[in-house]
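One structure is given here, and the rest of the page talks about it.
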Amino acid sequence: MNEAAMHKIQSIYGIENWSNGYFDINASGNIVVRPSQNDPRSVDLKKVVDQLVKEKKLSLPLLVRFPQILTNQLRTLANAYKESMQLFEYRATHYPVFPMKVNPRREVVEEFLKESSRLRLGLECGSKAELFAAVSQDQDPDTLLICNGFKDEAFCRLAGLALQSGKNVVIVIEKLNELKMLLRVAETTGVCPGIGLRAKLYTRGSGKWASSGGDSAKFGLTSSEIVQCLKLLRNTGHFDKLKLLHFHIGSQITDIKRVKNAMKEAARVYAKIHQQGAKIEFLDIGGGLGVDYDGSKTRFESSMNYTVQEFANDVVYSIKTVCDEEHVPHPNLVTESGRMMTAYHSILVVSIREEIETFADDEPEVEIDEDDPQVITELKWLCDEINGKNYFEYYHDAVEHKDELHTQFNLGLISLEDRAKGEVLYWEVCARALKEAEQARSHNEEFEEVKRVLAAKYLCNFSLFRSAPDSWAIGQLFPIVPIHRLNESKLDFATLVDVTCDSDGKIDKFVDLKDVKETLELPEWKADEDFYIGIFLVGAYQEVMGSYHNLFGLPNEAHVFVEADGRYHLSKIVQGSKIQDMVQFARYETSSLIANFQRRVNGLVAKGELSETQAQSLTRDYTEAATWSTYLEG
Ligand SMILES: *Cc1c(COP(=O)(O)O)cnc(C)c1O
């Protein structure tokens with residue numbers, strides 16, 4: 001690939017803007033993945049997918065994980081805090097914890113825990129199930145196990161078990177009543193974990209999750225509740241259990257200004273509590289560190305206007321300044337960044353199955369007859385005469401004629417054949433007008449709409465609801481790029497639809513440096529060639545929040561490990577859901593479904609409508625179908 005071609009492709013997909021150094025294009029026009037930034041080693045993603053499809057017989061969609069990226073992101077985070085702590089002479093330690101709700105998969109949690117002793121990585125859980133999984137994991141005894149979220153007595157008992165099994169547990173109190181309950185449980189069981197208080201800050205985050213902070217937030221204690229908690233702890237002799245102050249102003253904070261304000265406010269609360277004689281030693285700043293999904297480095301919802309280092313610097317500096325003013329020791333800093341740690345490590349690879357025709361684009365040339373209605377001859381005339389000077393006006397005329405065409409059809413004045421002819425001509429005028437508009441570099445809104453309608457619609461083998469639910473739920477953007485053929489210069493415009501029977505199962509918003517694109521540039525799709533597209537940065541939240549809409553199941557999955565010599569190996573393959581798994585999810589028993597099927601065909605045998613052998617063969621086929629993939633195959 002020459003430099004100009006590379007430059008063009010970069011400006012279309014902006015890979016270097018959002019890749020965080022992990023993704024790039026190689027000389028053959030394929031996407032490569034690096035295990036860490038500035039790493040000479042890289043893996044050709046197309047080769048990985050080919051191997052999975054051809055050798056391992058896995059069908060698409062495929063979730064490809066790079067566990068080394070998880071570790072590298074954690075190191076990036078830890079290094080950023082280490083550097084700012086050195087820079088600002090911060091006299092305490094960083095304790096990262098991984099919030100399990102972001103990606104509770106065993107492989108992800110265990111990968112992080114490999115760094116438990118080196119980087120003091122602990123875990124954060126927000127439910128009993130997360131805690132149950134966390135309790136039996138091996139983590140360094142010095143690291144934290146933080147319990148957030150709303151709790152009942154069982155949750156507190158489980159936390160007590162964790163404590164007794166050697167975990168450094170802190171239960172973070174969300175409500176005054178929760179503290180009363182915790183103290184009750186502690187009294188009966190005789191064990192009391194460390195206690196944290198979650199403060200409701202006045203400062204709000206920014207972006208989609210701004211309402212996680214501020215006065216009306218769902219979580220946390222108001223100032224007066226904190227005062228009451230302190231009183232209760234003192235009166236019950238548990239004041240020395242108070243270890244931590246927690247807050248979380250929302251995920252994907254887009255604007256760094258909010259971070260500084262929140263830190264100053266929280267540090268002040270910490271200082272006041274410390275001054276009352278509490279042995280509080282941790283300040284837990286929650287998550288919120290963003291991921292620049294569109295690479296624009298702005299306050300836009302799918303972006304952020306700061307770097308990880310800048311975030312860490314602002315956190316450390318703001319807290320240090322307040323603590324020095326208040327003459328209290330610097331607290332150990334707990335971070336609960338989950339999105340930043342996991343987003344990059346997995347890629348969903350989907351294949352294009354088909355083009356969905358929305359208008360007639362490869363119709364034969366329309367011939368005009370003598371007796372064609374006037375509306376058709378006029379559309380034909382527009383089509384023939386449209387040019388760079390009149391395209392705007394002729395396009396408007398065509399829109400009018402198309403309305404007229406449909407009115408006449410509805411009144412029974414013209415035939416179905418006439419209507420078809422008229423529609424083909426109308427779309428031809430649109431296509432020609434769009435070409436003129438593009439040539440004139442016009443950015444007219446009207447033609448953006450025409451472009452969207454004329455764009456190819458590709459049916460991709462995946463479920464948006466399963467694999468990228470935030471795209472549907474909150475309009476979050478994910479970078480989407482073909483994983484091969486990036487050296488081709490002829491590109492068409494397209495939007496993508498998934499295989500669910502849901503009209504919301506589509507992607508028609510794409511990352512762009514300045515704006516949001518409504519169509520994606522793609523090399524020409526050919527029906528007889530495999531064409532793979534990667535949906536990137538899906539490692540945070542998407543897996544666990546994805547749902548089984550239409551009973552489409554988990555995709556097949558492969559873990560790729562890059563060796564020191566640059567070669568890679570597949571460290572793990574996880575089979576996706578089979579049909580039987582998904583019917584089980586909807587509470588059918590596969591065995592009784594098969595038994596019932598058999599009973600029904602036997603009924604037909606009894607009536608003489610099927611032969612014995614036919615019935616047996618049908619049952620055999622039905623039984624086998626239970627093991628098929630839920631996605632489109634072949
Ligand atoms: C969701 C959540 C996190 C993780 O936030 P990210 O923005 O993904 O880093 C951390 N702490 C708490 C309390 C949360 O609810």
Side-chain angles (χ1 to χ4, degrees), residues 20 70 73-74 76-78 80-81 94-105 108-109 112 121-127 129-131 134 144-151 155 170-175 178 196-201 204-214 217-221 244-256 258-259 262-263 266 282-293 301-304 306 308 311-312 315 333-346 469-470 473-474 476 537-545:
N20 199 15
L70 291 173
Q73 281 297 99
L74 170 58
T76 304
L77 182 79
Y81 278 94
H94 175 219
Y95 285 78
V97 297
F98 174 60
M100 288 177 69
K101 83 161 191 256
V102 180
N103 193 327
R105 273 289 294 266
V108 171
V109 171
F112 282 132
L121 181 98
L123 295 175
E124 184 261 6
C125 7
S127 71
E130 287 177 5
L131 178 57
L144 294 166
L145 178 56
I146 307 260
C147 302
N148 280 324
F150 295 111
K151 298 160 208 79
F155 198 141
V170 178
I171 286 212
V172 178
I173 298 299
E174 297 272 1
K175 297 264 145 285
E178 211 168 83
L197 299 180
R198 178 164 183 170
K200 188 177 283 194
L201 295 189
R204 294 157 67 98
S206 58
K208 272 273 177 225
W209 286 272
S211 60
S212 309
K218 169 174 158 190
F219 301 104
L221 303 154
L244 174 147
L245 180 71
H246 174 262
F247 64 97
H248 171 70
I249 60 168
S251 199
Q252 186 68 15
I253 297 173
T254 52
D255 189 358
I256 189 77
R258 310 296 180 104
V259 176
M263 296 305 143
F282 294 100
L283 183 54
D284 180 345
I285 65 162
L289 177 52
V291 163
D292 196 357
Y293 291 94
E301 269 165 18
S302 297
S303 186
M304 65 211 226
Y306 54 86
V308 174
F311 187 96
V315 167
L333 286 185
V334 182
T335 61
E336 299 178 345
S337 288
R339 185 186 294 275
M340 175 272 183
M341 277 171 32
T342 53
Y344 294 96
H345 91 286
S346 61
D470 277 347
I474 56 170
Q476 145 115 55
L537 274 52
V538 293
Y541 295 103
Q542 304 316 296
E543 281 177 65
V544 66
M545 304 222 309

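Computed from a prediction, not measured in an experiment: that's the story for all the values here. Remember, it's 1-based here, ligands and their atoms both numbered in the order they're listed. Excluded from the calculations below are hydrogen atoms, water molecules and symmetry mates; all remaining heavy atoms, backbone and side chain alike, are included.
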(request) Answer yes or no for H246: is there a heavy-atom contact with ligand 1 below 4.0 Å? (result) yes
(request) Please find out if less than 6.0 Å separates the ring center of F219 from that of F247. (result) no
(request) For ligand 1, find out whether one of its N or O atoms is nearer than 3.5 Å to an N or O atom of S251. (result) yes
(request) Please identify which atoms of ligand 1 are closer than 4.0 Å to at least one heavy atom of G288. (result) 5 (O), 6 (P), 7 (O), 9 (O)
(request) Kindly give the heavy-atom pair with the smallest separation between S346 and G539, and that separation in Å. (result) OG-CA, 3.1 Å
(request) Scan H345, Q542, M341 and name whichever one has a side chain to side chain contact (heavy atoms under 4.5 Å, CB included) with N103. (result) H345
(message) When you measure from the side chain of Q252 to the backbone of V291, do you find a donor-acceptor pair of N or O atoms at a distance under 3.5 Å?
(response) yes
(message) With a cutoff of 4.0 Å, is E124 in contact with ligand 1, counting heavy atoms of the residue only?
(response) yes
(message) Could you tell me, atom by atom, which parts of ligand 1 come under 4.0 Å of a heavy atom of N148?
(response) 13 (C)
(request) For G338, counting its heavy atoms only, list the atoms of ligand 1 lying under 4.0 Å from any of them. (result) 6 (P), 8 (O), 9 (O)
(request) Can you measure from CG (L74) to OG1 (T342) and round to the nearest 0.5 angstrom? (result) 11.5 Å
(request) Classify the contact between Y541 and ligand 1 as side chain, backbone, both or neither, using a heavy-atom distance cut-off of under 4.0 Å. (result) side chain
(message) Heavy-atom pairs closer than 4.0 Å: do any link ligand 1 to the side chain of H248, the backbone, both, or neither?
(response) side chain
(message) Counting C-beta onward and ignoring hydrogens, is there a side-chain heavy-atom pair between N20 and Q73 closer than 4.5 Å?
(response) yes
(request) For ligand 1, indicate whether the residue K101 contacts it via side chain, backbone, both or neither (heavy-atom separation under 4.0 Å). (result) side chain
(message) If the cut-off is 4.0 Å to any non-hydrogen atom of E336, which atoms of ligand 1 fall inside it?
(response) 3 (C), 4 (C), 5 (O), 9 (O), 10 (C), 11 (N), 12 (C), 13 (C)
(request) Give the atoms of ligand 1, by number and element, whose distance to some non-hydrogen atom of R339 is under 4.0 Å. (result) 6 (P), 8 (O), 9 (O)
(message) Any nitrogen or oxygen of G250, side chain or backbone, less than 3.5 Å from one on ligand 1?
(response) no
(message) Distance under 4.0 Å to a non-hydrogen atom of V102: what atoms of ligand 1 satisfy this?
(response) 8 (O)
(message) Quick check on contacts: which atoms of ligand 1 are under 4.0 angstrom from a heavy atom of S337?
(response) 9 (O)
(message) I'd like to check which ligand 1 atoms, numbered from 1 as shown, lie under 4.0 Å from a non-hydrogen atom of P99.
(response) 4 (C)
(request) Under the salt bridge (Lys or Arg N to Asp or Glu O under 4.0 Å) rule, collect the residues that match up with E130, sequence neighbours excluded. (result) none
(request) Measure across L221 and I173 and return the closest heavy-atom pair with its distance rounded to 0.1 Å. (result) CD1-O, 3.6 Å
(message) Are the side chains of I285 and F311 in contact, using a 4.5 Å heavy-atom criterion?
(response) yes
(request) With the side chain counted from C-beta on, respond yes when Y344 and L537 share a heavy-atom pair under 4.5 Å apart, and no when they do not. (result) yes
